[in-house]
Every structure is written in C-alpha cells, then in structure tokens.
2 protein chains.
Amino acid sequence: MLTDRKKKILQIVIEDYIATAEPVGSRTIARKYDLGISPATIRNEMSDLELLGFLEQPHTSAGRVPSAQAYRFYVDSMISPGALTDNDRALIDGWYRERVRSIDDIFQSTAKILSRMSKNVSMVLTNRDSSSCFSYMRFLPLDRNRAILCLITDDGNIDNCLVEVPLGMKQEELDYLAQRISNKLHGMKLSDIKENMLEELYVDLSGDKMLFTSLLKAVQQMSAGQQEQKMFLGGTKQLFNQPEFRDAERIKDLLGVLEEEKVLKDMLNAGTDSGLRITIGSENKFTSIQDCSMVQATYRLNGQVVGTMAVLGPTRMEYCKVISVMDYLHNYLQVVFDKAKT
Amino acid sequence: MLTDRKKKILQIVIEDYIATAEPVGSRTIARKYDLGISPATIRNEMSDLELLGFLEQPHTSAGRVPSAQAYRFYVDSMISPGALTDNDRALIDGWYRERVRSIDDIFQSTAKILSRMSKNVSMVLTNRDSSSCFSYMRFLPLDRNRAILCLITDDGNIDNCLVEVPLGMKQEELDYLAQRISNKLHGMKLSDIKENMLEELYVDLSGDKMLFTSLLKAVQQMSAGQQEQKMFLGGTKQLFNQPEFRDAERIKDLLGVLEEEKVLKDMLNAGTDSGLRITIGSENKFTSIQDCSMVQATYRLNGQVVGTMAVLGPTRMEYCKVISVMDYLHNYLQVVFDKAKT
DNA sequence: TGTTAGCACTCTTCACCATAGAGTGCTAAC
DNA sequence: GTTAGCACTCTATGGTGAAGAGTGCTAACA
C-alpha cells in the first residue's frame, strides 16, 4: 500500500527519531541519508505520510515525529530482529555470571540485564508455579521449645518457619505428627489446602491447641508464599536518561505506577497468552502509561506460564534491539529452567 | 553565648525554613510569630546571626536560610525529641502488622515506615549476625538423584539448597554423612568454616568427588549468604516531593548513589560506634551527599551491632520527628529481636 | 507527471529588557 | 535598645524581537 520510497522515508524518520529524540525534518533526511532526491520531494512524501496517519508534527515549524500507527507498522513489518552482536552476548553472559546464587538472583539479574541493554525500565514477574504440590513436611529440632518446620513441594521448593513446640515434646512425636500431616496432604496442590483439612488431625496433637494453630498458620503462610507472584524491577534510573522524561513530574508519575506492584502485575498478567507482545502508546489499557510502549515476553515450562518479562519505556524505543535481547534472555532462561527441572 | 532572643529567632528561622523550604525574612517572622519586636529589630538580630555563621543569604534580597552550623546547633542543643503522637504510633504499628512474614519483611517494613514518617529516603542495613554458629545439617529427600541440604545455625536461621546425590545412595548414608559433617562443624562460627575442614571427610563420601564438591560449594554459599549484609531501601519516591530536588539532575545523582550498594554500606558502616549519629551537610565524608543530612541509628543485640537504619535527605530535615521515629522503631526492633532470641 | 528551487510563512527558542515584589541595610528619630 | 522610613539590590515574571528551523505552495523544469 505504501510505495517503496514512502516506506524508506518512514523508516528513516522512525529510526532517526528513535536515535535522536528530535523531530526529523526533510532537510535533515536529505543531508544525512543519500536518497538521491531533494528535500522538497521528501517534504511531499512526508506530507502524504502525515495524511495517512503515520507522521505527526509537534507544531508547524518542526520536523515530523512517528505516530503510534507508524511504530506499529514498523514493528509489524519493517524490522527483522537479528541476533545480538558477540559483544552484547558476552556482556549478558558476564552479567549473569556475576552474582547468581539463587533462583531469585536469576530473575534479578534478568531484570538488570534487560534494563541495561534496553536503556529502559524492565520488569520480571515470576509465577511461583501454582500447580506445585505438597510433598512432605518435617520438623528440624532447634532448641527445647522451638523447632523449624520445613515444607517441601514436589518441584523441590522448600519453605520453612519457626514453630513453638510444647516443652517436653519429643522429636519422635514431632516426626510422627509430620508424618501424619504429610500423608494427609501429600500430592495436593498448595492452593487447594484448606484449613479444615487439618482439623481432623487435631486429636493427634494431644489436644495442644497452641501447636495446632501455629502449625496451621505456618502451613497456610507457606502455601501463600509459594503461590505469590514475585516482581523484580530493574533500571528505574534509566528513566532519567530519556529526554521524554526530562521533567521530574513525569518521572514521578511513572515511578508512582512502578511502585504499585498490583497495577504492574495486572499489566503483565494481561498478556500472558502469546509469546511476544508489544503494546504501543494508547494501545495500552492502563492510562498511566499510555504514552509509553511495552515489550513483553512470557516464558513457559512444560506449557505452564512461569514468568513474564517486560521493558517499559517511551514509545520511541529501540524495538529491534529490545526484541533481540528478550529473545536471547528467553532462550537463556529456558535452558536454565529445563536444566533445573531434570 | 547567644542571647535568648537570638536563640529564639534562630529557632524560628530554622523551623520555619524546615517547614516551608523558603528563605525566611524578618517581616515574615514578625507577622507569623508574636515576638513583640519589630521587623527592623529582628533584622538586626538576624544580621548578627549571619555574622556568627548561623544564617546565610541565598542573595541580597532574599530572606535567610540556616547554615549547616545552625542545624548542628539546633540538633545539639535546641531540640528535645519527645514521644510520638498516638496517631503516629498507631500508624507505625499498623504498618508493621500489614505484611510481616519473615525477618526480611521486618526490615523492609522498617525502611518503609522510616521513609513515610520522615518523608525522605530511608535505608536499613542488617549485619547478618557474623557470630552465629553452625548447629547441624540435614538432608531432606527430594527425588532419586537430588536432595535438599538444610543448614541450621544456633540462632535458628535456616538455609537450604539443592544438591545432586549419586543415584542409588540411600537416605541412611546421607544421614550418616550429615551427622559426620555436623559433628565436625558444630559450634563453629560460620565465618571460620574453611574449605580444608571438610577435606578429611572426603573419605566418607566413598570417593564421590561430585557430591563432595557440590556439598562444599553449598556450605560455603550458605555461610557466605548468612554473613552478607543486606540493604533495604525505602521511599526513593519521596525525593520528588522535596523542593531541593526539583530538578531531575539532582535526583538522578542521588539515585545513582543509592544504587551503589557498596557506597551505601560504607556510609552506614562508618558510624556504627555510637547509638545515634547525625551528619549534616559537609560533615559527611562522601562528597556525593554533601548537601544532604543523614540521621542514623545502630541497633544491637547482646552488644553486637546487628543493623543500622538511616534517613537521608536535604539538610532541611525534620530532625526532631526523624529522631523520635527512629527511637520508636529502635525500641520496637529491640523487642522483636529479644523475643526472637529467647 | 514527477521533481525541484525559491520564497513567504509559521512557530519555537533565546536573549534582552522592564517591572513588580520581597527583603535588606542604613539612618535618624524615639 | 528599638523602630519607622527609605533607598537599594536581587529575583521572578512577562513581553518583545531576532534567529533558526521547517513547512507549504508555486512555478519552472525534465
């Protein structure tokens, strides 16, 4: 529908604007890029592109700026995200190696890498696997009146908390108790564990109400903790380097949104269907970021969505780079988790 | 050395400036506070105070602003931080109750509360108790070739990680192994555990080099994790509400500092001797925050420093309030930890 | 018919200037 | 020692004009 020349000019405008954050004028294009046509011709073409809704003018005497529609077109049919440069890959691998001790560290590193490479804010949301099942529990002795209650799920997650035990209660009794509860709950989804399931075990506790309630509380807390989605944020500082956030007010607004974990989770959970999702400007449902774009990818394990990562920034974003980086990270995480699982 | 009237005027200037962030003029003082003297007299007094180094003029025709020396004098001999209002206390107690599941949550909440009450950035640094000792370890079965290694310290901390075990190794063998290692390390400070201590146990592992190295790695990781200082940051968003951080550049600078965990830790570790420490403006050693003040308190358990909390903000800070809040939080934490210990 | 040079026009940005307002310092009187 | 009065200084604000960048239009050209 667009002539090749229009496409070319559109692409130049978009990419130049992405690079410079300045409205692009016909003269600039003629000077910087050798198209073999004069500024006047470019002007005519740009005028057409504006009528078609691809370009916008901040004001009469400024250059042109890509519209949301233009970015959409650009993303859908003008870019072909290639592989990262060796240099970038080395950087990423280095950052991952830097400090990864736990699963959480992996996500934290991912957020960091994503923000550094994209020069924007990044988010990583993990769905603690809601399908994980109770495997067994165990009391580890601590001192005369306390023990550590450990809860193990079938996927190898462990959670623990302190419980007070009646003075004089023997480890054997605790073991028996743990055995009973484990038998009762084994194989259940954590989300399905309800209070009343433990009630019939009450008798086994020799009527010790205190131990019973604290046990109950512990189990529930743990299953809640296991199900919780966890959010990792990276690179809020990057905002300051973006010209569109030059005034403190806008940064403040956006940081406000970023601090609302609930909103963020909703945002990220909204697009867990397809693999890669790009929402540009007003395409976004959440009004507070309607002048931003978000590139988002979900990662799965055995078909289950286990997490989402996203880059949030001004619509003027290096989509191509961002997508490449995400692709790389996506593969990286897939490998890590596959390995952890087997 | 200062007449009562000069003191009174100085106090008014300081407190008015703290409240409004506007230079205070003689006329304003005469109007707002009923001192029974005219603006001209106040002007004379202020002129004296300026000569003495307590007040400064941003420019000739502006009001006066307290100098660092003035804040120092104010903090040292003009305020007597009282108890918090019932309202504030209720707020704090509520926030603590809101979401406290783990030790880390307590620190996170403390940071949050501190920043909300002080309307400034807050930091909480925990010294994982470096004197905690190894109590015992235990393997919890997971599946055919993996187990969860749990490490318990004498103060009830538990850490865990996955280890691969040779196929066919029986739980009894693992238990025996854990027993041997526990005997060997029991009562040792985590920081004193060195690689070679485990080496003589190598034989017990029926020569399984893989298990041995992964065990070794696990123990070291855990003891490192236990010793690590952990930093909780709160309320960076507060910066935006402070007039002195109106331009994005200064916020950016400060946020840059706040992201440098190492610098922060040095800052907080620098003043762990006395209980409460207030550094005002250029008193601070770290150039990046020499236009800021920091109020800092350490908390101890059995004489050991276990953590530090601090509020960082412009020199124009509600010192009185900040100190009161810190005092309250300090007591709160003391109680919590004392209870956890016994 | 598409392309181009030329030119008038529009709009922003920046420096410059004048004015209003706030606050001071000084002097003289109380 | 205190105060009223007044000249002075400095900032903040709003208006003006020139420079610069970019456009749209027209007329000429290939």
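The shown structure was predicted, so the numbers you read here are calculated from the model rather than taken from an experiment. These numbers come from the heavy atoms of this one structure, side chains and all, not from hydrogens, waters or symmetry mates.
- Rounded to whole Å, the distance from CD on A:Glu50 to C1' on D:dG22 is 12 Å.
- When each of D:dA4, D:dC10, C:dT4 is scored by its nearest atom to the side-chain atoms of B:Ser38, the top-ranked nucleotide is D:dA4.
- One interatomic measurement links the two molecules: CE of A:Met46 to C1' of D:dA21, which rounds to 13 Å at whole-angstrom precision.
- Of the candidates C:dT3, C:dG25, D:dG20, D:dG20 carries the atom nearest the A:Ser61 side chain, counting heavy atoms from C-beta on.
- Looking at which nucleotide of DNA chain D each of A:Ala40 and A:Thr28 is closest to, the 5′-most match is held by A:Thr28.
- Rounded to an integer number of Å, the gap from A:Ile42 CD1 to C:dG2 P is 17 Å.
- Dashed line: the shortest gap from a side-chain N or O of B:Thr60 to OP1 or OP2 of D:dC10 is under 4.0 Å.
- Side-chain nitrogen and oxygen atoms of B:Arg43 include none within less than 4.0 Å of the OP1 or OP2 phosphate oxygen of D:dT2.
- Checking C:dT12, C:dT24, D:dA4 against every side-chain atom of B:Ser26, the shortest atom distance belongs to C:dT24.
- Looking only at atom types and distance, the side chain of A:Gln242 has no donor-acceptor partner in the side chain of A:Gln238 under 3.5 Å away.
- Rounded to a whole Å, the CD atom of B:Glu56 is 18 Å from the P atom of C:dG23.
- As a whole-Å value, the separation of A:His59 NE2 from D:dA21 C1' is 8 Å.
- The closest side-chain donor-acceptor pair between A:Tyr33 and A:Asp16 falls under 3.5 angstrom.
- The one candidate from A:Lys7, A:Lys6, A:Lys8 that meets the salt bridge (Lys or Arg N to Asp or Glu O under 4.0 Å) condition with A:Glu45 is A:Lys6.
- You won't find any donor-acceptor pair under 3.5 Å spanning the side chain of B:Arg27 and the base of C:dG23, going by distance alone.
- Take the nearest nucleotide of DNA chain D for A:Ala62 and for B:Asn44: the residue whose nucleotide is more 5' is B:Asn44.
- More than 12 heavy atoms of other residues, nucleotides or ligands shown are found within 6.0 angstrom of CZ on A:Arg250.
- In this structure D:dA12 sits in a base pair with C:dT19, meeting the Watson-Crick or G-U test at under 3.5 Å.
- Put simply, CD on A:Glu45 is 7 Å from P on C:dT3, counting in whole angstrom units.
- In this structure, D:dG1 forms a base pair with C:dC30, meeting either the Watson-Crick or the G-U wobble geometry with both donor-acceptor distances under 3.5 Å.
- Out of C:dT24, D:dT23, D:dT11, the shortest distance to the side chain of B:Arg64 is found at C:dT24.
- Atoms CD (B:Gln57) and C1' (C:dG25) sit 10 Å apart, rounded to a whole Å.
- Rounding to the nearest 0.5 angstrom, the gap separating the CG atom in A:Leu312 from the CE atom in A:Met123 is 4.5 Å.
- When rounded to the nearest whole Å, the span between CD1 of A:Ile29 and P of D:dG22 equals 10 Å.
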